[in-house]
Amino acid sequence: MTQTIAAMKGRFGDTDYYVFTMKAGQLIGNVTIPRDMPDWKDLSVTEIYQREINLRRVRDSIAPYFLQDQSRFIGSFIVTAIGAKEGEKPFSFERLTDALGSGFGKLHVSYKEPANAFGFLTISGSTRLVPLDGQHRLQGIKYAINGQDDAGRAIQGAANGREIADEDVTIIMVEYEPKKARRIFTKVNMYAKKPAKGQTIITDDDNYVAEFSRDIADRIGGRLVKINGNTLLKTDVFFTTLPTIHNCNLVILNGVYPSSRIKGEEYIDDGKKAQYKRKLEEVWACLLKDIEVFGDCLLDKEETGDKQRKDVREKNLLGKPVGQEIMVRAFMRLIGAPTNMSWSDACRRLNQIPWSINNANIEERWQNVVWRGDESRGGIITKNRAIAGRLIAYWAGEKLSPKQVEELENDYLGFFVDRDNRSLPPPVD
């Protein structure tokens, strides 16, 4: 059905565009996601430029946000208007000045120049509007209004989404030109720079693990947690990084609740959220109290303790973010089945691991797995955190079957060219 909408016309570069609002329900009825277009499969590789939609992310994160957050807000959609037939004009625009005719002279003099940008946009009923930016949000609105995804599965925490259908969203529309549409899509997404992980965690209010990570950082001490970056430099005064806390929180929660596949983006009710937060607080309270190196780093949280933190980081793996994460991974293996070690015993055993960065420890346990080089000119290895956590748990007393020990030894020896001259170091006494 043809519709006429109040709009504003603008121009940037050689592109005319039109800005207007539309009810969310109208939006999902008028805008077609590219893959749902009848002729999508016939387009050439050059013409197909949109990303595939991550439907799981839409279902588990975006749609629940629209349904649950009364302060929900959404950015503008950029769409292109495609006529039903080649050469057919998909829309027309009449300026307000022309529509008013002689009545334009009655406007206050200060309104006349701004009024030139406003008018009425008439969109043909056969016109297809296709998103150049915002197709995940578009699908999220659709799921939220319908209360279910395309397979008929209910959206978690779904309230009455029909009210969303009457809310206003902003559209920026351009007329379809294949090459120009592709350039707009590419440039909009290219320059939408993804923030650093620490910045994402500090600003993300929709991910409950990010929220918990900020709380844990505050408990440790705000000045002691580095937000920008995943590593600590020699000159840094911090104890750890926010991404490290976040990684550890995921390890802890998935260790305690292994069947839940926790990422933080999925919807959970307030009761479960409180349960998860409480468990994290308990685990961190234990680690910060009973891991000796952590205690050394946090004994003096003021500037007078900065030198101590730097010294620990230079000489001990637990002063480094990677070392902290692999220790947490090992802790969760020790307290979980089948070992079921008490929290205090797990910390006591982990304190016995030779964490000091010296040539003897490097040669015996850490070379090629966690550390590359010698103690004076070496550096931490960041990519082997999972296997390092398994090794440390074994060295600290994790119960493994003979077959599991054999598999762990094979994985460990895979780091060495001279594997025939090496064996898996035994657990600590």
Side-chain angles (χ1 to χ4, degrees), residues 53-75 136-137 139-141 143-144 147-149 153-161 164 194-222 224-230 239-288 321 324-325 328-329 331-332 335-336 343 385:
I53 297 179
N54 183 338
L55 294 177
R56 181 170 182 174
R57 173 173 164 246
V58 173
R59 183 184 70 241
D60 295 345
S61 180
I62 299 175
Y65 162 70
F66 291 141
L67 285 165
Q68 297 300 316
D69 196 331
Q70 291 301 309
S71 298
R72 56 183 172 259
F73 193 76
I74 191 170
H136 282 82
R137 287 170 284 147
Q139 195 76 7
I141 288 177
Y143 284 3
Q148 60 183 20
D149 65 10
R153 292 170 294 198
I155 302 301
Q156 287 188 322
N160 180 15
I164 298 174
K194 185 177 180 180
K197 184 174 181 180
Q199 287 293 336
T200 300
I201 298 169
I202 204 71
T203 59
D204 194 345
D205 290 326
D206 300 321
N207 186 305
Y208 60 85
V209 179
E211 177 186 338
F212 298 158
S213 299
R214 298 193 293 268
D215 291 339
I216 297 299
D218 289 339
R219 286 174 175 268
I220 291 173
L224 301 183
V225 178
K226 185 176 183 178
I227 295 172
N228 296 316
N230 300 324
F239 164 64
T240 191
T241 71
L242 188 59
T244 299
I245 294 174
H246 185 264
N247 290 346
C248 291
N249 284 345
L250 287 171
V251 169
I252 293 167
L253 289 176
N254 282 289
V256 177
Y257 309 101
S259 63
S260 297
R261 297 182 180 180
I262 294 168
K263 294 183 178 179
E265 299 173 344
E266 64 279 1
Y267 171 80
I268 59 173
D269 59 40
D270 290 341
K272 185 165 286 188
K273 185 181 288 188
Q275 176 186 347
Y276 287 179
K277 182 179 180 181
R278 185 165 55 251
K279 181 58 65 176
L280 283 176
E281 290 172 346
E282 291 171 354
V283 172
W284 277 104
C286 172
L287 295 175
L288 296 176
Q324 294 163 359
E325 181 180 332
V328 171
R329 287 175 178 270
F331 176 82
M332 296 309 300
I335 67 172
W343 291 16
R385 288 171 287 185

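All residue numbers refer to positions in the sequence shown, counting from 1.
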Task: Electrostatic pair Arg214:Glu211 at N-O distance under 4.0 angstrom - done: no
- [ ] Looking only at non-hydrogen atoms, find the nearest pair between Ala63 and Ala144 and report the distance.
- [x] O-CB, 4.0 Å
TODO: Working to the nearest 0.5 Å, report the span between CD1 of Ile201 and CZ of Phe212.
DONE: 14.0 Å
Open item on the list: I want to check something: taking the side chain as every heavy atom from C-beta on, are Asn249 and Trp284 in contact at a cut-off of under 4.5 Å?
Closed with: yes
Open item on the list: Run the side-chain hydrogen bond (donor to acceptor under 3.5 Å, both in side chains) test against Tyr276 and tell me which residues pass, sequence neighbours left out.
Closed with: none
Task: Side-chain touch Ile216/His246, heavy atoms, less than 4.5 angstrom - done: no
TODO: Using a 4.5 Å cut-off on heavy atoms from C-beta on, say whether the side chain of Tyr143 contacts that of Leu55.
DONE: yes
- [ ] Tell me, please, which residues at least two apart from Arg261 pass salt bridge (charged side-chain N to carboxylate O under 4.0 Å, His left out).
- [x] none
Open item on the list: As an exercise, state the distance from CG of Asn207 to OG of Ser213, rounded to the nearest 0.5 Å.
Closed with: 8.0 Å
Open item on the list: My understanding is that only residues two or more places apart in sequence, or in another chain, count here; which of them pass salt bridge (charged side-chain N to carboxylate O under 4.0 Å, His left out) with Asp60?
Closed with: Arg56
Task: Minimum heavy-atom distance between Pro321 and Thr244, given as atom pair plus value - done: CB-OG1, 3.2 Å
Task: Check: Arg57 side chain, Glu265 main-chain N or O, donor-acceptor pair, under 3.5 Å - done: no
Open item on the list: Ignoring hydrogens, what is the shortest heavy-atom contact between Asp149 and Arg59? Give both atom names and the distance.
Closed with: OD2-CD, 3.1 Å
- [ ] Using the test ring-ring contact (aromatic ring centres under 6.0 Å, His included), find all partners of Phe239 that sit at least two apart in sequence or belong to another chain.
- [x] Phe294
- [ ] Report the residues that fulfil side chain to side chain contact (heavy atoms under 4.5 Å, CB included) with Lys226, sequence neighbours left out, ordered by chain and then residue number.
- [x] Leu232, Leu233, Asp236, Phe238, Thr241
TODO: Applying side-chain hydrogen bond (donor to acceptor under 3.5 Å, both in side chains), name anything that partners Arg278, two or more places apart in sequence or on another chain.
DONE: none
TODO: Find out whether Ile262 and Tyr208 are in side-chain contact, i.e. whether some heavy atom of one side chain is under 4.5 Å from a heavy atom of the other.
DONE: yes
- [ ] Under the side chain to side chain contact (heavy atoms under 4.5 Å, CB included) rule, collect the residues that match up with Asn247, sequence neighbours excluded.
- [x] Lys197, Glu325, Arg385
Task: Contacts of type side-chain hydrogen bond (donor to acceptor under 3.5 Å, both in side chains), residue Glu281, not counting sequence neighbours - done: Arg219
Task: Asp218: side chain to side chain contact (heavy atoms under 4.5 Å, CB included) partners, not counting sequence neighbours - done: none
Open item on the list: Within this structure, what is the NZ-OG distance for the pair Lys263 and Ser61, rounded to the nearest 0.5 Å?
Closed with: 10.5 Å
Open item on the list: So, using side-chain hydrogen bond (donor to acceptor under 3.5 Å, both in side chains) as the criterion, who are the partners of Asp215 when residues are at least two apart?
Closed with: Lys277
Open item on the list: To the closest 0.5 Å, what do you measure between CD (Gln275) and CG (Leu280)?
Closed with: 11.0 Å
Open item on the list: Among residues at least two apart in sequence or on other chains, which ones pass side chain to side chain contact (heavy atoms under 4.5 Å, CB included) with Val225?
Closed with: Ala217, Ile220, Thr240, Leu242, Ile245
Task: Non-hydrogen atoms of Ile62 and His136 that approach each other most closely - done: CD1-CB, 3.9 Å
Task: Contact summary for Met332 and Ile252, nearest pair of heavy atoms - done: CE-O, 3.5 Å
TODO: For Leu67 and Arg72, work out which heavy atoms get closest and say how close.
DONE: O-NH1, 4.3 Å
